[in-house]
Amino acid sequence: MFRHLRTKLTVLYAGLFGVALLLVSLAVYTAISTNARGVVRGELLASGAAFDRIWAMRAGQLQTGAGLLSRDFGFREAVASRDEATIRSALENLRVRMDIDVAFIVGVDGQVIGGDPRALSTAGSQIMRAVDTEDAPSGVLVIGGTPYQTIAAPILSPTLVGWVVFATKLDKGEMTALERLSAIPLDAAVLGRNTSNGWTGPGGATALFGGAPPASFSKLVDKALAMKTPEPSDFSTPTGDALALVKPLKAIGDGPPGALVLSYPMARAMAPYEPLLVMIVLTGIAGIALLTGGSWMLARSVTRPIQALDEAAQRLQRGENAAVTVETGDEMGRLAESFNAMASEIRERERRITHLAMHDAETNLPNRLSLERAIETLAPQAAADGEVVVFATLGVDRFLHVRGAIGYTLAGALMSEVGSALQRLRPGDPIGRISNGIVGVAFRVRDLDEARRIAAHLQQALEGPVHLGKHTVDVTLTVGLAAFPEHADRPGVLINRATVAIDQARERNRKLNVFDAKAYRDPAAKLSLMSEMLGAIANGDMTIHLQPKYDLRQRRTTGVEALARWTHPDRGMVIPDEFIPLAEETGHIRTLTDHVVSLAIAQQAALAQADHAMAMSVNISGRLLSDPEFAEELLAITRSAVGEICLEITETAVIANPALALQMIDRFVSAGLKISIDDYGSGLSSLAYLKQIRAHELKIDKAFIIGMADSQRDALLVRSTIDLAHSLGLKVTAEGVETATAHALLGGMGCDLAQGYLIARPMPLEGLIAFLGRETQQPVKPVRLAATDGKAQK
Amino acid sequence: MWRLYAFVVIAFLTLRASAAHAGDIAFSLSNMRGAAVSDAVVTVYPQDFGRAESFKFDWPLEVDQKNLQFAPFVLIVPVGSGVSFPNRDTVRHHVYSFSPAKPFELKLYSRDESRSVRFDKVGVVALGCNIHDNMVAFIKVVDTPYAAKADAAGLATVRGVPAGMVQVRIWHPYLKAPNNEIVRAVMVSASGVVREAVKLDTRAAPDRRGAY
């Protein structure tokens with residue numbers, strides 16, 4: 001919510017103070033208004049009581065006057081004798097003398113004499129009803145809509161002949177007198193109830209309630225009169241609230257009653273306190289302003305160090321100088337101190353880590369990463385100047401031997417020495433240790449020839465005896481060079497290439513060698529070869545050739561071995577040694593084998609069609625023997641074979657996972673497939689496995705057969721192997737039969753089958769059919785097929 | 001007791017004198033609350049009652065002023081008779097009446113001074129004293145010999161009334177009725193007493209305190 005702590009603190013403090021002030025103001029206002037109301041209430045009640053007194057006093061005065069008149073002998077005589085003129089004049093006389101508004105008499109028959117007869121039309125009967133219950137009634141009489149305080153006194157002469165009625169108006173003047181009696185300037189009025197138009201009073205009485213319309217004004221009065229005891233109550237008027245006391249005034253007789261209304265607007269009651277309230281509000285505003293300013297200052301002084309720390313922490317994050325100036329001795333100061341200590345430790349540690357990351361721990365020479373960074377910055381500069389960056393690697397010859405001789409510590413010291421010497425020779429150029437026995441240096445040159453000269457110079461300078469304490473080591477170096485960007489597009493690769501260049505130099509027995517890209521097979525190329533192989537399987541470039549297996553007893557070809565042949569559209573024939581190991585490594589051997597087996601079965605069928613029933617041998621990679629899924633697939637494919645299918649498996653294939661491999665071999669045998677142990681004798685030929693594998697055939701490795709002609713031992717081994725196989729119930733096939741001598745020897749030894757260039761090279765189906773056709777015509781001429789001394793192939 | 005005896009004797013004589021077939025009416029008067037009403041005047045008019053010849057009552061035709069009071073409060077007077085107003089107080093009195101039956105004024109007269117006034121009109125004459133407001137009395141001027149005033153027990157007996165239906169008028173100064181009088185018809189037997197109990201709606205006497 002708040003971006004800054006100081007804003008938060010300021011708002012919080014000012015807010016709390018504001019709330020407190022508001023509460024105080026409310027309390028003060030409530031107290032004042034309660035007090036004011038109390039004062040007004042008291043005044044209203046007091047004025048009400050005063051009015052009662054005035055009312056009674058006036059009633060008394062009227063009564064006295066009326067009494068006097070009623071007892072006047074002449075007046076009594078006038079009344080008794082119905083002398084109206086005299087009566088009127090007597091009434092008028094007293095009315096003026098006593099300052100009475102209306103005076104008249106009512107006869108015992110209800111007849112009114114004196115006053116305005118029209119205005120008093122109902123007054124006579126009202127007085128008559130009043131005197132029915134009282135001798136000298138008094139109360140409010142409404143004459144012409146105006147309330148009058150009225151009394152009636154009986155005229156006895158000596159019997160009752162009528163009543164003298166005096167009525168006096170309670171108008172503005174009277175009320176002003178009452179108002180003056182009160183301590184507060186309240187409004188007073190006496191109202192009369194008029195049946196037709198509610199409560200009315202002498203002119204302007206309705207102004208009491210802020211000029212409320214007569215209907216609602218009358219409602220207010222009625223409501224107030226409904227109370228049991230007259231209490232000051234609140235009135236809402238168009239001009240604001242007022243506190244008013246409404247006292248009922250008894251009517252004379254059963255006539256419409258009157259009401260005394262004393263009202264006081266609250267606004268007027270509150271007016272004296274207004275300056276106080278204004279003062280409170282002004283003080284409050286000033287207080288809030290002061291507090292806000294103060295809080296702001298305080299918060300600033302508190303948060304300034306925090307802000308400084310915050311900024312320092314951000315600098316630390318960016319790796320900049322993060323020291324904070326310590327200003328105070330309080331918690332903030334201590335925190336800043338701790339922060340500074342922490343920051344410097346972090347920087348020191350960072351420096352060490354960076355050093356470790358960039359240096360070889362053993363020799364303290366810059367490491368490979370450091371060199372890569374250096375080359376990265378060097379390369380664009382060189383390119384801008386039209387130069388190239390060359391990386392030269394200097395490998396200590398026979399480093400492993402040297403290290404074995406002098407130990408790891410001294411070997412490290414040796415490399416350190418060589419590196420230091422190199423740095424002295426090429427000051428300013430980035431050097432570093434690449435691997436155990438190799439140091440390197442990057443430099444800018446115009447061309448490779450210049451690089452060669454520099455490298456040769458370095459080599460010459462660095463070779464020679466190096467003294468390591470008591471020991472002296474004679475150092476010879478092989479130098480490899482690689483150029484950027486000619487040989488590599490990245491610094492890391494450049495260093496690798498230069499290292500490879502050393503290997504290439506040693507292979508070629510050179511002292512100095514520039515990286516030879518042609519001789520270097522890139523791992524990435526291997527992967528692309530595999531994808532090409534899969535493509536070849538799909539588009540038919542991957543085919544098989546068949547090599548005849550010649551039965552030495554029957555003197556004819558009885559079987560063939562299917563061999564994969566890949567004709568690459570650009571590279572021509574790709575030798576199996578190049579792609580088969582790779583296929584095994586990458587797992588694509590299964591696809592390849594499936595393809596070869598499928599082709600082999602198809603071609604076996606084609607041969608049978610050409611009247612040449614042949615046993616078909618296929619090579620199964622050892623890796624596939626641990627793949628049960630492959631086994632199922634193979635069994636499914638071979639089910640459609642028209643003749644015998646023989647799986648050639650190397651003995652070593654079984655060693656990887658003997659139990660599983662033997663189990664699978666058993667499954668193949670059960671399914672009617674033949675098993676042949678391939679390349680017997682080339683690896684770790686185990687008699688134990690020979691016993692366990694349920695094979696039908698043993699193929700003796702061509703190395704023994706080729707060597708047989710010259711080596712008596714090989715001949716012996718071949719003979720005894722044949723005997724061994726035969727005694728185990730296995731047929732024996734000799735591979736690599738290339739000479740007639742071998743052929744003859746094998747025949748003599750009782751070998752069952754022969755395979756090799758002497759018999760025939762692997763060939764496509766058509767060639768084989770032709771070959772077999774020829775064989776049928778000349779059955780006993782295998783030796784005639786002259787051997788060549790070419791490299792043996794399966 | 002002797003007065004009661006005398007009463008009976010007088011009544012007997014009267015009956016003897018006037019009619020052969022006559023009876024008495026004994027009125028018992030009370031107000032609405034059941035209290036006896038005194039000073040009510042009962043007058044009886046027989047059916048064939050014409051203009052009565054001169055008659056007299058056996059009470060003195062006199063209104064004393066004593067102790068600042070008139071006495072009696074109500075006096076029944078035959079029409080055409082004179083009434084004397086003797087002052088027996090030590091103070092002076094100023095007796096007056098504004099009643100239409102007989103307005104008169106006896107100006108200030110003192111102790112043992114007696115004035116006399118003739119009442120020759122039937123009606124009620126209210127008497128007052130101009131000096132003493134508390135003093136009030138009524139003179140009931142009647143034209144029938146069958147008249148009686150209720151005593152303190154509210155009893156009034158009219159004797160020797162001719163038998164048959166008669167008109168009875170009961171008047172009291174404070175009776176709530178026109179002219180403070182009610183009219184009744186009563187059947188009078190040839191002899192004996194007819195008892196009539198009448199309830200009178202009276203108002204209280206006006207307050208006459210002269211406090212002003």
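As a basis for the values below, the full set of heavy atoms in this structure was taken, side chains included, without hydrogen atoms, waters or symmetry mates.
Residues B:Y96 and A:E77 are not in side-chain contact: their nearest non-hydrogen atoms beyond the backbone lie 4.5 Å or more apart.
Under a cut-off of 6.0 angstrom, the local environment of CZ in B:R88 is crowded, with over 12 non-hydrogen atoms contributed by other residues, nucleotides or ligands. More than 12 non-hydrogen atoms from other residues, nucleotides or ligands lie less than 6.0 angstrom from NZ of B:K199. Counting heavy atoms of neighbouring residues, nucleotides and ligands inside a 6.0 Å radius, atom NZ of A:K250 exceeds 12 of them.
Ring pair B:H94/A:F73 is tilted by interplanar angle, where 30° to 60° counts as tilted.
In this structure, OH on B:Y174 lies 10.0 Å from CG on A:L160, to the nearest 0.5 angstrom.
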